[in-house]
Amino acid sequence: MVTKRLNVDNIGLEKASEILKNGGIVGIPTETVYGLAANAYNSDAITKIFKAKGRPQDNPLIVHIASIDTLYEIAKDIPKTALLCAEKFWPGPLTMVLKKTDKIPLAVSAGLSTVAVRMPKNKTARELILKSGLPLAAPSANTSGSPSPTTANHVINDLDGKIDAVLMGESCTVGVESTVITLAGEHPVLLRPGGVTLEQLKEVLPDITISDAVLNELKKSENAESPGMKYKHYAPKTETFLVEGENFPEFVNQKEDSVAVCFLEEENDIKINKIVYGSFKTPESLAQNLFEVLRKVDSMGAKTVYIHAPTKDGIGLAIYNRLIRAAAFKVIKL
Ligand code: AMP
Ligand code: MG
């Protein structure tokens, strides 16, 4: 199949909307990462997403909507807390897991009785949802296991020839995937940290707890609250270690044949090959560059990469969650 490159203008949006209405799949920009979108009501279209990505069949998709009315079409028994969160964080990078209605096919929820829902802020994504008149199921538009895409070219690198089209939009502003919480159980649980921070969530959900899978490796026998958490994710092909603590420059300077991923502030003290991923004073910049940097690592020809971990507060928790998976849970504490 030839993957069409569509401009973000009226003609491009119209074409993307037609493809989606006809059961096709399209790479689209959102504020978090690029998504691979399909009509959430069309099981055949959903199957194409799983195939193009090589996504495990038991890993459910997030449904993207542009109005609260659609929330009532796809979710039921919606708790008051969900409406409070919607009011405070939508449109934006928060996904809520709620009980699903029969309108959502089991292909979307991977057989679960719940559905994950988000209202994106990105203008292109919103316009496409409104133009097509459809809720769009969309996981990240990468090959399963590889770093998530934050530019249209990342989508093309992974999926050219496997999907109908890509909307050639701007780079993603947040840079990491949405925060996922479940409100389908007795208490709210953070399943995946993201653009909306735990500190922000606590203002609306003071009793929210963090799923074990956020910072720990799940044992094979363990049942994942969020299936995505059990899979290998975000990994460069180069062997990757996450390094916590100070004296990072001193540590990596002894590592020949390696590349360091470091903060701007330590760049001048590092003598081996390095990639700067942002300033530790602006963790938003680390999030924005994270996946671009993970994609770049493999082009450096090193045997090993050492990445300096951020602190685990604010958006740092989301960055740490991605990095610990990129490193297959290999952490060095200095
Ligand atoms: P992705 O869109 O590729 O970033 O992945 C979506 C994430 O949301 C994965 O980690 C899924 O496991 C999670 N997710 C989607 N639907 C549900 C659901 N119904 N229950 C729990 N987690 C979900
Ligand atoms: Mg993904």
Side-chain angles (χ1 to χ4, degrees), residues 25 27-38 40 46 49-50 52-65 71 74-78 82 93-101 103-120 122 125 135-150 154-155 158-159 172 174-185 188-196 210-214 218 222-235 287 290-291 294-295 318 321-322 324-326:
I25 55 177
I28 65 165
T30 82
E31 68 274 26
T32 56
V33 302
Y34 268 70
L36 180 55
I46 301 301
I49 291 182
F50 280 86
K53 280 180 59 82
R55 186 172 175 98
Q57 289 295 335
D58 66 347
N59 194 4
L61 308 182
I62 294 170
V63 178
H64 296 72
I65 62 173
L71 178 66
I74 65 177
K76 64 181 181 188
D77 303 339
I78 301 169
L94 177 70
T95 296
M96 296 191 260
V97 174
L98 300 165
K99 296 206 175 90
K100 78 171 195 68
T101 64
K103 286 204 92 173
I104 290 294
L106 291 170
V108 168
S109 68
L112 299 175
S113 58
T114 50
V115 62
V117 196
R118 175 167 108 81
M119 190 186 286
N122 177 279
L136 299 179
S140 50
N142 55 323
T143 303
S144 262
S146 71
S148 298
T150 51
H154 294 163
V155 181
D158 276 21
L159 300 175
C172 302
V174 178
V176 291
E177 301 90 337
S178 59
T179 303
V180 181
I181 60 172
T182 178
L183 297 173
V189 182
L190 175 69
L191 301 178
R192 176 176 75 183
V196 170
I210 309 182
S211 166
D212 265 358
V214 168
L218 281 175
E222 270 177 294
N223 211 351
E225 286 172 288
S226 184
M229 286 298 190
K230 59 179 188 211
Y231 292 107
K232 188 178 166 202
H233 242 123
Y234 318 118
L290 181 69
F291 289 130
L294 289 180
R295 279 173 183 259
N321 167 272
R322 306 311 187 271
I324 202 170
R325 280 170 173 76

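As the structure lists them, so they are numbered: ligands from 1, and atoms in each ligand from 1.
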- Task: Using the test salt bridge (Lys or Arg N to Asp or Glu O under 4.0 Å), find all partners of Lys103 that sit at least two apart in sequence or belong to another chain.
- Result: Glu73
- Message: Show me which atoms of ligand 1 lie under 4.0 Å from any heavy atom of Thr114.
- Response: 18 (C), 19 (N), 20 (N)
- Distance below 2.8 Å from the Mg ion (ligand 2): protein N/O/S atoms: Ser140 OG
- Task: May I ask whether Ser109 places a heavy atom under 4.0 Å from ligand 1?
- Result: no
- Message: Can you confirm whether Asp158 sits close enough to Pro149 that some side-chain heavy atom of one is under 4.5 Å from a side-chain heavy atom of the other?
- Response: no
- Item | atom 4 (O) of ligand 1 - nearest protein heavy atom and its distance | Arg192 NH1, 2.7 Å
- Query: Do Ile65 and Val117 have side-chain heavy atoms sitting under 4.5 Å apart?
  - Reply: yes
- What residues form a salt bridge (Lys or Arg N to Asp or Glu O under 4.0 Å) with Arg192, not counting sequence neighbours? none
- Note on the structure: Residue, atom and distance of the protein heavy atom nearest atom 21 (C) of ligand 1 read Glu225 O, 3.5 Å
- Does the N or O separation between Arg55 and ligand 1 drop below 3.5 Å for any pair? yes
- Task: Can you pull out the closest protein heavy atom to atom 22 (N) of ligand 1? Residue, atom name and distance to 0.1 Å, please.
- Result: Ser226 OG, 3.1 Å
- Message: Under a 4.0 angstrom heavy-atom cut-off, which atoms of ligand 1 come close to Pro60?
- Response: 11 (C), 12 (O), 14 (N), 15 (C), 16 (N), 17 (C), 18 (C), 23 (C)
- Message: Under 4.0 Å from a heavy atom of Ser140: which atoms of ligand 1 are those, numbered in the order shown and with their elements?
- Response: 1 (P), 2 (O), 3 (O)
- Message: Under 4.0 Å from a heavy atom of Val97: which atoms of ligand 1 are those, numbered in the order shown and with their elements?
- Response: 18 (C), 19 (N), 20 (N), 21 (C)
- Message: Between Ser211 and Leu191 (side chain of the first, backbone of the second, donor and acceptor by atom type, cut-off under 3.5 Å), is there such a pair?
- Response: no
- In terms of atom number and element, which parts of ligand 1 are under 4.0 angstrom from non-hydrogen atoms of Pro139? 2 (O), 3 (O)
- Query: Do the side chains of Ile104 and Val63 get nearer than 4.5 Å, heavy atoms only?
  - Reply: yes
- Kindly indicate whether the side chain of Ile62, heavy atoms from C-beta on, has any atom under 4.5 Å from the side chain of Ser178. yes
- Message: Before you tell me yes or no, could you show the steps for Thr114 and Leu98 under side-chain contact (heavy atoms from CB on, under 4.5 Å), namely the whole-Å CA-CA distance, both residues' side-chain angles and the distance that decides it to 0.1 Å?
- Response: CA-CA 5 Å; Thr114 50; Leu98 300 165; over 6 Å; no
- Which atoms of ligand 1 sit under 4.0 Å from any heavy atom of Ala116? 15 (C), 16 (N), 17 (C)
- Task: Indicate whether any N or O donor in one side chain lies under 3.5 Å from an N or O acceptor in the other, for Ser140 and Glu177.
- Result: no
- Sequence neighbours excluded - salt bridge (Lys or Arg N to Asp or Glu O under 4.0 Å) pairs with any residue from residues 27-37: Glu31-Arg118
- So, Arg55 side chain and Pro60 main chain: donor-acceptor pair closer than 3.5 Å or not? yes
- Query: At what distance, to the nearest 0.5 angstrom, does OG1 of Thr143 lie from CG of Leu36?
  - Reply: 10.0 Å
- Message: Taking only non-hydrogen atoms of Lys100, do any sit less than 4.0 angstrom from ligand 1?
- Response: no
- Message: Check Asp77 with Lys100, please: is the shortest side-chain N to carboxylate O separation under 4.0 Å?
- Response: no
- Note on the structure: The option among Val63, Ile62, Leu112 carrying the non-hydrogen atom nearest to atom 8 (O) of ligand 1 is Ile62
- Query: What are the atoms of ligand 1, with element, lying closer than 4.0 Å to any heavy atom of Asn59?
  - Reply: 9 (C), 11 (C), 12 (O)
- Closest to atom 12 (O) of ligand 1 among protein heavy atoms sits Gly228 N, 2.7 Å
